[in-house]
Amino acid sequence: MNGSSMPVNQEVYLSSLSTQLVQRSLHSVWHPCTQMQHHETVPLVAVRNASGPWLYDHDGHRYLDAISSWWVNLFGHANPRINAALKHQLDTLEHAMLAGFTHEPVVALSEKLSAMTSGVLGHCFYASDGSSAVEIALKMSFHSWRNRGLGDKKEFVCLKGGYHGETVGALSVTDVPVFRDAYDPLLKPAHCLMSPDARQAKDGETADQVALRAAQALETLLQARAAHISAVIIEPLVQCAGGMAMHSPLYVQEVRRLCTAFNVHLIADEIAVGCGRTGKFFACEHANIWPDFLCLSKGISGGYLPLSLVMTRDEVYQSFYSDSMARGFLHSHSYTGNPLACRAALATLQIFEEDDVLAGNLVRAEKLSQALQPLATHSRVKHFRQQGMVWAFDAQVDDPQLAAAFSRRFFTSALAHELLLRPIGTTVYLMPPYILSDADTGLLAERLQTVFDEVMRA
Ligand SMILES: *Cc1c(COP(=O)(O)O)cnc(C)c1O
């Protein structure tokens, strides 16, 4: 057959390319957070390119990235400013090891982030993913006490519904059954306390009162066990992967007060809630406190490259400073402080400054909240909630079969309406990038309602 003389049917050509790619992927790529058999019915989307909030597949379909590609993308895909910074960095220095060497991007990023905490968290330790940042914070907390002669402090406190990653150490302080159950025998037990989740309010109780109840549970534990406890780890303001459970900043204040009083570290896992997601750059700023360790990842590189870091206080840093190697923090990752990732982070922080993003997000959030009003008052929507650039609600699903398949059905139906959405169980949430136009905001709200009605009718 002479291919060159055949009229090319663009659509058939494209769709066969997409089908092929999906087939090859299912043969060779083991996808994360996925029961692979579900792909017999749930579509796998072969994304070809992306721009702004839109992802495009090989068939020419588009999808509004309403969850910022797992909460990492802040300023849209193929952002011209981040692209330009990365292209320049690529021709300058792609990578060098960070032991015995340093470089401008990692220094500039550390200085900038430290200044954003007024120097309180003045030391930055780098890794490549969020879970590793959590591992670092846990190890550093324990080792810091040990270096000060308090080696008995080796237990950790976490919260019900909390999520801190899926490596063995991080999973030990995670309380999300779907990720944890199979591996429970491998994990070091942690103290798992009442969450301040405001949805637990009893009749007439305010979010602050729930927060105080949860803080009381922590106080009771610390009174009994503080001598054995190294740190408390929390996701300030929003427990994200556990189902977008929101709480009062009063809880964060109370945890800070108790940790100080009982000589226990506070680890703020801001991997999801940091970088402006809750309305302030750091979620802890809502409570006017600084933790002892602050973990960042996800949005810090604008969604471009794997990067995570742990920021800590001089007091912790000094507890390792010695002429003895064994007292040092002996933890490393091959790509620690990767210059390209740090450059992407610097470009991201520059956009925050130049565009006054936090102020702009107030306006964006108001518009999307307005557009979501019909859903907020929908008869089958429970606990509609919002914090900064996070929106969530719980679907009132009575049929257990629908509840079990809800997230997959929602994902599939959303794709058919050009939206990328992935509910957590029956909790539907939005975490859009900070760049939605008014038109995209309207489209998102309208189609979300259509998808919701479609799934609930099924
Ligand atoms: C995503 C997340 C992590 C883990 O980050 P990975 O990069 O996926 O390892 C840890 N903590 C919180 C709060 C997260 O949302």
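Just so it is clear, the values below take in all heavy atoms, side chains as well, and ignore hydrogens, waters and symmetry mates. As the structure lists them, so they are numbered: ligands from 1, and atoms in each ligand from 1.
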| field | Residue pairs involving residues 99-125 (criterion salt bridge (Lys or Arg N to Asp or Glu O under 4.0 Å); sequence neighbours excluded) | value | E104-R343, K112-E353
| Should E205 and K202 be marked as a salt bridge (Lys or Arg N to Asp or Glu O under 4.0 Å) after you check the CA-CA gap, both sets of side-chain angles, and the distance that decides it? | CA-CA 5 Å; E205 214 180 15; K202 296 173 184 155; 5.6 Å; no
| task | Walk me through it: do H61 and E418 pass the test side chain to side chain donor-acceptor pair (under 3.5 Å)? | result | CA-CA 8 Å; H61 300 126; E418 299 188 317; over 6 Å; no
| Do any pairs count as a side chain to side chain donor-acceptor pair (under 3.5 Å) and have a residue in residues 276-286, sequence neighbours left out, and if so which ones? |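 Qualifying pairs, neighbours excluded: S68-R277, T278-H286.
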| note | Under 4.0 Å from ligand 1, residues with heavy atoms, in chain and number order, are W71, D129, G130, S131, Y163, H164, G165, E235, D269, I271, A272, K298
Name each donor-acceptor pair under 3.5 Å that joins a side chain in residues 344-351 to protein atoms two or more places apart or in another chain, with its distance.
| unit_1 | atom_1 | unit_2 | atom_2 | d |
| --- | --- | --- | --- | --- |
| T348 | OG1 | G302 | N | 3.3 |
| T348 | OG1 | A344 | O | 2.8 |
| Q350 | NE2 | E354 | OE2 | 2.8 |

| message | For the aromatic rings, using the six-membered ring if either is Trp, is the centroid distance between F384 and W391 under 6.0 Å? | response | no
